[in-house]
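Structure record follows, encoded as C-alpha cells.
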Amino acid sequence: METKRFILLDIDYVTENNRPVVRLFGKERGDNKGRSIIALDRHFRPYIYVIPMGNTEDCIKQINTLDVDEIRIVQKKDITQEKEMLEVILFHPQDVPKLRDKIWNLSEVKEIREHDIPFYRRYLIDNALFPMGEVVVNGKTKTQKAGPGISSTDENLCIFNMEGKPEPVAGGIPDLKVMSFDIEVRNPKGMPSADKDEIIMISLASNFGLESVLSTKRSSFDYVETLESEKEMIKRFTEIVNTECPDLILGYNSDNFDFPYINDRAKKLGVPMNIGMDGSGIKFLRRGFTSAAVVRGRLHIDLYPIMRRHLTLDRYTLERVYKELFGEDKEDVEGDEIWKYWDSNGEKLEELFSYSMDDAIAAYKVGDKMLPINRELTRIVGQPFFDITRMASGQMVEWLLTRKAYEYGEVIPNKPSQSEYSRRRGFKYVGGYVKEPVKGLHENILSFDFKSLYPSIIISKNISPDTLLKNEETEEFHTAPEVPHKFRKEPVGFVPSVIGNLLKERAKIKDIMKKTDDPMEKKILNVQQQALKTLANSMYGLYGFARFRWYSGECADAVTAWGRDYIKKTMKKAEKFGFKAIYADTDGFYATYTGNVEDDA
DNA sequence: ATGTGGCGGGG
DNA sequence: GTGTACGCCACAT
C-alpha cells in the first residue's frame with residue numbers, strides 16, 4: 001500500500017461497470033512534487049434522505065419495491081428537531097433523478113431531502129475535503145495506458161486506485177502552472193461565426209516562460225510563431241497544452257467565446273481537441289442560457305464572471321477591467337476593425353500581433369490579481385475552484401451552510417418549488433431605512449456607518465429559522481421592533497453560528513496579521529480575512545432571497561426592522577451632539593455639524 | 001403599475 | 001446530469 005499526498009485541484013466522477021468512480025485531480029506533494037495525479041475512489045455511493053409518513057417499517061418495505069441498493073435508519077435534525085429518517089442508498093447518481101419522484105409519491109413517504117446535491121459535491125462534504133487544500137490517500141498506483149495527454153512513461157501523471165477514505169490535511173499555498181490564452185478571428189461582417197470566420201491568432205501567456213502568439217502570418221516580433229495553416233495552429237495549441245500541462249487555463253469570456261469557437265473550428269478542420277488531462281475533449285456545461293467550458297483535470301477559469309462579481313462597473317470589457325485594476329490603459333483594437341489590420345500585411349498587422357499578445361498578458365495579470373481571493377473562498381466554502389469562480393455569493397453561502405449542516409447532523413431544506421418561489425417573490429419587504437438627501441451644498445460633513453450591520457444583527461439577536469418562536473413564549477427571547485417576530489436567546493441558531501464563526505475566524509486572522517512582519521504572510525492573511533468578510537457580508541438580505549434554501553420571510557423582516565431601528569436611534573443620538581442628518585441609507589448616514597447641542601441629553 | 005423580452009462578455 | 005443564471009433596463013400594455 002502506498003500513500004499519496006496532493007493538492008486537490010478538481011473533482012468529478014465517471015461510470016465504470018454501471019458504478020460511479022470519483023476522480024480527484026491533484027498536484028502531488030512529497031517525492032513526486034509537481035506531478036499530476038488522478039486518484040480514483042470506487043467506494044462512494046449516492047443517497048437521499050426520506051422522512052417517513054409515520055411507520056418506518058412500512059416505509060422501508062415500500063421503498064424496497066424499487067431498485068435501491070440499501071436503506072439505513074438514521075437520526076437527523078430538521079431545524080433542530082430530532083427525526084428518524086431513512087438514508088436511501090442508490091446504485092448510481094443518475095438513479096436519483098430517475099427514482100426520486102417515485103419515492104416521493106409512495107404513500108408511506110412524507111418528504112424526501114437532499115435529492116439535488118451533485119455527486120462530487122456530496123463527496124467533498126461527506127469526506128470533509130476542501131479543494132485547493134491537501135489530501136492524503138492510501139492505495140496503489142495503477143498501470144496506465146498511454147493516450148493523448150497521458151505520458152506512457154509515468155513522468156507527468158500518476159493514476160492511483162484509492163483504498164479507504166481520503167484524509168484532509170492542513171496545507172500551504174500550492175504553486176501552480178498558470179497559462180492564459182486569447183484568440184483573434186477574421187470576421188469582416190458582424191460577429192464572428194465559426195462556420196466561416198477563421199482563427200488568425202492564438203496568444204498565450206504564462207508563469208512558466210511561455211509567451212507567444214501562434215499565427216499563419218509572419219512577424220518581426222520574436223514572440224510570434226508562424227504555422228502553415230489554421231489547422232496546424234490549433235494542433236500546436238493542443239500540443240502546447242499537453243506538453244506544458246498547465247494546472248490553470250485562464251481566458252476572458254472563454255466560457256462563451258474562445259473555447260466554443262476554437263472547439264467548433266477544430267471540429268470543422270478535423271483536429272482532435274484532446275486537451276483534458278485524461279485525454280478528453282472540451283465539455284460545455286449548460287448553466288441556464290450560458291455555458292461553462294470544462295477541460296478535465298485542468299482548471300479552466302473564465303475571468304469575466306469573476307470580474308462581474310468582484311467589481312461594480314458600467315461595462316466589463318477586458319480593457320475596462322484592466323484599467324480599473326491597474327490604472328493603466330491597455331491598447332485596444334475595435335472588434336470590427338481586426339480583419340482590416342490582418343489584411344493590411346504591414347504596420348497594422350504588427351499592431352494586431354502586439355494587441356493579441358497584450359490581451360493574453362492582460363488576462364494573465366487579471367488572473368494573478370483575482371485568483372488568490374477565489375482560492376480562499378474555495379478553501380472556506382469547500383466547493384471546486386471551477387464552480388466557485390462561476391458562483392454568485394449567495395450560492396457560496398448556501399454551499400457553506402450545506403457543509404455546516406452536514407457537520408451539525410442537520411438535514412438541509414429543499415429548494416423552493418416553482419409555486420413556493422412565486423409565493424416568496426410576491427412577498428414585499430420593508431428594506432433598509434433611507435432618508436432622502438437634503439438639497440444644497442453642505443459643509444462640515446460627518447459620515448457614519450455600521451460595519452457589517454446585518455451580520456451583526458443576525459448574530460446579536462440570534463435570528464435564524466430555527467430560533468424563530470411561533471407561539472411558545474416560555475423561553476427568553478429577543479423581540480423585533482415594528483414587526484411581530486421573536487427569537488429565542490439560547491441556544492445559538494444555525495445561521496448565526498455559521499456567520500459568528502466566520503467573523504471570529506476573521507478577527508483571529510486580523511490579530512495574527514498585526515503580529516507578523518513578513519510581508520508575504522501579511523498579504524496571504526489579508527486575502528483570507530477579505531474572503532471571510534465577503535462571505536459574512538453576503539448574508540446581507542439572504543433571508544429575503546426567494547431561491548435561498550434557508551429563506552425566511554420573518555427573519556428577513558426582523559433583520560431590516562432592527563437595522564432601521566439602529567440607524568434611526570444613532571441619528572437621534574448624533575442630533576443631541578449637534579449633528580443634523582442630511583442623508584441616510586441602510587447602514588450609514590451623513591450629517592453636518594450645526595452646533596445646536598441639546599442639553600437635556 | 002405590471003408584464004415581457006433582450007442582453008451581458010467575446011471578434 | 002443528485003442539471004437548466006440572473007438582475008437590469010427598455011419598451012409595451
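In what follows, chains carry the letters A, B, and so on, assigned in the order in which the sequence lines appear, proteins first and then strands, with residues in each chain numbered from 1. Here the structure is a predicted model, which means the values were calculated and not measured.
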Restricting both atoms to N or O, compile the protein contacts to nucleotides 6-9 of chain C shorter than 3.5 Å, with distance only.
residue : atom : partner  : partner atom : Å
C/dC6   : OP2  : A/Arg547 : NE           : 3.0

For A/Glu319, enumerate each residue passing the salt bridge (charged side-chain N to carboxylate O under 4.0 Å, His left out) test, keeping only those at least two apart in sequence or located in another chain. A/Lys330
So, A/Arg320 and A/Asp314, do they make that salt bridge, N to O below 4.0 Å? yes
State plainly whether the residues A/Arg23 and A/Asp41 are in salt-bridge range, i.e. N to O under 4.0 Å. no
With a 4.0 Å cut-off (strictly under) to non-hydrogen atoms of chain A, the first and last hit nts on DNA chain B, 5' to 3', are B/dG8 to B/dG11
Kindly state each residue pair satisfying side chain to side chain donor-acceptor pair (under 3.5 Å) with at least one member in residues 346-355 of chain A, sequence neighbours excluded. A/Ser219-A/Glu350, A/Ser220-A/Glu350, A/Glu331-A/Ser354, A/Tyr355-A/Asp359
Please work out if A/Gly190 contacts a base, only the sugar-phosphate, or nothing of the nucleic acid, heavy-atom cut-off 4.0 Å. base
For residues 309-336 of chain A, which residue pairs qualify under ring-ring contact (aromatic ring centres under 6.0 Å, His included), counting only residues two or more places apart or in two chains? A/Tyr322-A/Phe326
Answer with base, sugar-phosphate or nothing: what part of the nucleic acid does A/Tyr13 contact at a heavy-atom distance below 4.0 Å? sugar-phosphate
Taken in chain and number order and not counting sequence neighbours, the residues that satisfy ring-ring contact (aromatic ring centres under 6.0 Å, His included) with A/Tyr551 are none
How would you list, by chain and number, every residue that makes a side-chain contact (heavy atoms from CB on, under 4.5 Å) with A/Met191, sequence neighbours excluded? none
Heavy atoms only, 4.0 Å cut-off, all strands: where does A/Asn187 land among base, sugar-phosphate and nothing? base
With a 4.0 Å cut-off on heavy atoms, is A/Asp359 in touch with a base, just the backbone sugar-phosphate, or nothing at all? sugar-phosphate
Interatomic distance at P, B/dG9 relative to C/dA10, whole Å: 15 Å
Contacts to DNA chain C from residues 112-123 of chain A, heavy-atom cutoff under 4.0 Å, which residues? A/Glu114, A/His115, A/Asp116, A/Ile117, A/Pro118, A/Phe119, A/Arg122
Report yes if the distance between the aromatic ring centroids of A/Phe237 and A/Phe181 is under 6.0 Å, otherwise no. yes
Taking the ring of A/Phe119 and the ring of A/Tyr13, is the distance between their centroids below 6.0 Å? yes
Residues in side-chain contact (heavy atoms from CB on, under 4.5 Å) with A/Pro192, at least two apart? A/Val185, A/Asn187, A/Asp197, A/Phe257, A/Tyr261
Kindly write out the residues that satisfy side-chain contact (heavy atoms from CB on, under 4.5 Å) with A/Asp336, not counting sequence neighbours, or none if the list is empty. A/Glu334
Can you give the donor-acceptor pairs under 3.5 Å from side chains of residues 399-406 of chain A to other protein atoms, not counting sequence neighbours?
residue  : atom : partner  : partner atom : Å
A/Thr402 : OG1  : A/Glu398 : O            : 2.7
A/Arg403 : NH1  : A/Leu129 : O            : 3.3
A/Arg403 : NH2  : A/Leu124 : O            : 3.4
A/Arg403 : NH2  : A/Leu129 : O            : 2.7
A/Arg403 : NH2  : A/Gly382 : O            : 2.9

By the 4.0 Å heavy-atom rule, please label A/Pro93 as base, sugar-phosphate, or nothing. base
Is A/Tyr261 touching bases, backbone alone, or none of the nucleic acid, heavy atoms closer than 4.0 Å? nothing
Pick base, sugar-phosphate or nothing for A/Ile183, based on heavy-atom distances below 4.0 Å to the nucleic acid. sugar-phosphate
Touch class at under 4.0 angstrom, heavy-atom based, for A/Lys98 against every strand present: nothing
Candidate pair A/Arg45 and A/Asp69, rule salt bridge (charged side-chain N to carboxylate O under 4.0 Å, His left out), full reasoning: CA-CA 9 Å; A/Arg45 295 182 294 173; A/Asp69 192 355; 3.0 Å; yes
Members of residues 302-317 of chain A that approach DNA chain B, where some heavy atom sits under 4.0 Å away: A/Tyr304, A/Arg308, A/Arg315, A/Tyr316, A/Thr317
